[in-house]
Amino acid sequence: MTAYVDESFTSLECDILRRYFTNLDQPVFALVNLPEVVKGALFARYSRSSKSLRRLFLDEFVDDLDLKGDETVDATVGLHRAEDLYERVFVEYGDDSVAQLGGVHLACEYASNVLTKILEWGRLMAYLEQSTRYVAYDSRLPSGHYRYHRDPEILSSPYGALYVGEMDRMFDTYAALLPQMQSFLLRRYPRQIADTELLHRQAIRAKALDSLRGLLPAGSLANVGMYGTGQSYELLVMKLRRHPLPEARLYGDMILAELRKVIPSFLSRIDRPDRGIAWSDYLANTKVSAQEAARAVEMNHGLGPQPNCAQSSVKLLDWDVRGEDKVLAAILFEFSHRSEEELLDVVAAMSSEERRDLIRAYAGTRINRRHRPGRAFERTSYRFEVVTDYGAFRDLQRHRMLTLQWQALDPHLGYELPALVEEAGFSGQYRESMERSEELYWSLAASMPDHAGYAVALGYRVRCVLQMNAREAMHVIELRSQPQGHQSYRYVAQQMHRLISEQADHQMIADAMGFVDYSSVELERLAEQRRTQSRQSGI
């Protein structure tokens with residue numbers, strides 16, 4: 001039994017696809033023989049489309065490409081390349097740096113939102129995930145099923161019928177409320193004369209999707225495009241192959257099979273007992289032993305969960321009281337011949353005006369948020385504890401360079417009821433669906449704890465810790481506070497900025513974050529869509 005949906009293509013489509021995709025009938029496949037700019041553009045479009053990658057390629061990209069030179073290529077049987085050099089350098093000498101120089105574009109389709117957080121774990125990889133903010137989940141797959149993970153172990157268990165029935169009802173609620181929410185929003189936000197009807201309806205649709213995405217369970221399916229080096233994929237596969245979730249193990253095997261068609265030598269260590277297998281065992285065993293030890297501590301000290309007592313919150317747990325001094329010393333260090341220890345003494349003697357002038361000079365005149373100061377801002381860091389809905393957490397989790405830890409997804413912390421849902425009069429249906437999600441979770445949790453997370457709706461809260469240096473904080477806070485962002489993570493970003501300024505008293509660092517946006521926006525995507533339309537029109 002498989003948990004994904006087979007796609008069908010015509011014979012002509014198959015002739016085209018097999019030149020560029022390593023298989024035509026699996027949910028995991030690599031892209032080959034295409035220009036890098038085409039692969040990048042394809043993945044970018046992928047994140048906002050409901051289509052599979054291969055179908056998207058046929059429908060929107062093929063007509064713009066010259067395919068004649070690739071007529072004799074068949075990527076589905078693997079690429080026959082000269083591997084002798086890689087074998088000699090990489091296997092014989094164990095040069096990891098070689099594995100950092102070859103990369104692959106890989107697609108993972110029909111992955112649950114539980115699995116996508118596991119796939120998007122590595123720091124040194126790039127990901128684009130199908131977004132619940134752009135893609136509606138009200139339609140069914142060709143199989144007739146809603147778009148959620150139908151795990152074979154759940155379906156064959158005594159809970160199979162309950163799981164399908166309750167998940168279907170959650171999707172039924174979402175599908176029923178989506179057109180009603182759009183109608184409500186059209187009345188609330190009438191079209192402005194300057195906006196086209198298409199532009200206005202797109203903004204309304206995006207707002208409706210934003211307000212209702214909390215109804216979708218974490219078992220909802222998404223497509224993920226990834227790019228990484230051989231070394232990054234090696235680490236990912238080793239993590240997946242011993243993961244307690246069956247879906248993760250299945251995708252780990254499929255990822256390895258496809259990568260071995262294009263970069264086999266980079267993955268030769270995975271099946272070696274003294275390397276990949278030992279590493280996978282280490283990751284799995286330490287997770288189990290740490291979990292058991294943590295549970296013993298919880299029992300001994302009465303640290304059980306506190307049901308439904310939390311609200312969304314952002315706390316600054318830890319910071320360096322001398323953080324700004326250290327950043328100032330790090331700035332001076334680049335342009336000095338003195339030790340940092342000496343420079344800290346110099347900073348202590350500087351006037352307030354001198355300190356501000358130095359920070360401002362280092363930050364410079366920032367024309368946009370992508371202009372960020374250098375690595376001196378990495379000299380101090382902040383550790384935040386965030387309680388937010390799982391939908392917002394998914395966006396924050398994409399910032400892989402920071403240190404991120406999160407607790408298991410379950411209903412303990414309650415859920416968010418969007419104000420717009422209440423205003424539209426849909427709170428009754430919304431609450432009923434969220435309660436259905438919680439009841440299904442508890443039905444599964446007793447005997448299938450690793451699977452129970454599929455039932456938890458994205459509106460339920462999760463607790464996580466984010467630790468980042470000031471330079472990364474500038475990137476995260478400015479990006480996630482922008483008006484087109486979802487209100488849930490905009491709130492998190494705005495609170496982080498306030499805490500850096502007020503609680504840590506790092507006012508100069510906070511002031512350097514000049515593109516933090518505190519504005520209140522009604523139709524979040526409208527301004528961005530206007531800019532996109534202007535660019536397309538050449539205005």
Side-chain angles (χ1 to χ4, degrees), residues 1-9 13-14 17-34 39-40 42-43 45-47 49-58 74-79 102-122 125-130 141-143 147-152 219-243 245-264 266-267 270-271 276 280 454:
M1 183 186 295
T2 59
Y4 52 85
V5 179
D6 292 330
E7 270 194 295
S8 59
F9 303 102
E13 288 174 337
C14 288
L17 289 174
R18 64 170 47 97
R19 308 172 201 175
Y20 308 106
F21 300 90
T22 53
N23 71 65
L24 306 186
D25 59 356
Q26 299 289 313
V28 177
F29 49 88
L31 284 69
V32 295
N33 302 325
L34 288 167
K39 288 184 281 189
L42 186 58
F43 271 3
R45 178 71 182 90
Y46 190 39
S47 68
S49 172
S50 60
K51 298 178 182 179
S52 72
L53 192 70
R54 288 171 291 213
R55 175 54 58 192
L56 187 65
F57 177 76
L58 290 168
D74 188 349
T76 64
V77 298
L79 299 182
V104 176
H105 286 83
L106 193 78
C108 291
E109 299 190 337
Y110 303 109
S112 73
N113 269 271
V114 176
L115 177 61
T116 60
K117 299 307 102 194
I118 303 169
L119 293 174
E120 297 166 7
W121 165 77
M125 296 183 73
Y127 312 93
L128 273 175
E129 180 181 338
Q130 193 175 45
L141 296 165
S143 62
R147 295 180 59 194
Y148 63 83
H149 182 62
R150 299 168 65 86
D151 188 274
S220 301
L221 299 178
N223 297 329
V224 180
M226 301 190 290
Y227 178 80
T229 65
Q231 186 181 53
S232 298
Y233 280 120
E234 181 184 52
L235 295 172
L236 175 61
V237 170
M238 287 190 291
K239 179 180 176 69
L240 291 172
R241 295 183 88 188
R242 288 294 306 274
H243 199 280
L245 192 68
E247 184 188 12
R249 298 195 298 271
L250 172 65
Y251 273 74
D253 289 340
M254 289 191 290
I255 288 171
L256 180 59
E258 298 310 306
L259 291 174
R260 279 186 164 153
K261 296 177 181 178
V262 289
I263 51 171
F266 292 171
L267 303 163
I270 283 181
D271 291 324
S280 291
Y454 291 128

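For this chain, numbers begin at 1 and follow the sequence in order.
- By the side chain to side chain donor-acceptor pair (under 3.5 Å) test, D253 is found to be paired with R241, residues two or more places apart in sequence or in another chain being considered.
- For Y46, the side chain to side chain donor-acceptor pair (under 3.5 Å) test picks out E109, with sequence neighbours left out.
- Annotation: side chain of N23 is in contact with side chain of K261 (closest heavy-atom distance under 4.5 Å).
- Taken to the nearest 0.5 Å, the CD atom of E7 stands 3.0 Å off from the OG atom of S52.
- Although no hydrogens or angles enter the test, the distance criterion places no donor-acceptor pair under 3.5 Å between the side chain of S232 and the main chain of G228.
- Closest non-hydrogen pair, I263 versus G230, comes out as CD1-CA, 3.9 Å.
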Exercise. Go through the steps to decide whether L106 and L31 satisfy the test side-chain contact (heavy atoms from CB on, under 4.5 Å), and finish with yes or no.
Key: CA-CA 6 Å; L106 193 78; L31 284 69; over 6 Å; no

Quiz item: Could you walk me through whether L128 and V224 pass the side-chain contact (heavy atoms from CB on, under 4.5 Å) check?
Solution: CA-CA 6 Å; L128 273 175; V224 180; over 6 Å; no

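- Taking R55 as the reference, E13, D59 meet the salt bridge (charged side-chain N to carboxylate O under 4.0 Å, His left out) condition, with sequence neighbours excluded.
- Once rounded to the nearest 0.5 Å, the distance linking CZ of R19 with CG of L34 reads 11.0 Å.
- Atoms CZ and OH, on F43 and Y127 in that order, are 12.5 Å from each other to the nearest 0.5 Å.
- Side-chain contact between L245 and R249 is absent, with no heavy atoms from C-beta onward closer than 4.5 Å.
- Contacts of N113 classified as side-chain contact (heavy atoms from CB on, under 4.5 Å), with partners at least two apart in sequence or in another chain: T116, E129, S220, A222, R394.
- Nearest heavy atoms, C108 versus L119: CB-CD1, 4.1 Å.
- Applying the side chain to side chain donor-acceptor pair (under 3.5 Å) criterion to Q130, with sequence neighbours excluded, gives R147.
- For L56 against S49, the heavy-atom pair with the smallest separation is CD1-OG, 3.8 Å.
- Taken to the nearest 0.5 Å, the OH atom of Y251 stands 6.0 Å off from the CD atom of E247.
- With sequence neighbours left out, the ring pair (Phe, Tyr, Trp, His ring centres under 6.0 Å) criterion links F29 to F21.
- One finds the CZ atom of R18 at 13.5 Å from the CG atom of N33 (value rounded to the nearest 0.5 Å).
- In this structure, the side chains of V104 and L259 come closer than 4.5 Å at one or more pairs of heavy atoms.
- A distance of 7.5 Å separates CG in D25 from CZ in R54, rounded to the nearest 0.5 Å.
- Judged as a ring pair (Phe, Tyr, Trp, His ring centres under 6.0 Å), and not counting sequence neighbours, H243 has no contacts.
- H149 and S112 get closest at one heavy-atom pair: CB-CB, 3.9 Å.
- A pairwise comparison of heavy atoms in A107 and L53 identifies CB-CD2, 3.8 Å as the closest pair.
- Minimum interatomic distance between I118 and K239 (heavy atoms only, all atoms of both residues): CG2-CE, 4.4 Å.
- With sequence neighbours excluded, the residues that form a side-chain contact (heavy atoms from CB on, under 4.5 Å) with S143 are V5, L141, H145.
- Residues passing the side chain to side chain donor-acceptor pair (under 3.5 Å) test with K39, sequence neighbours excluded: E36.
- Here the two rings, on F57 and Y20, have centers that are under 6.0 Å apart.
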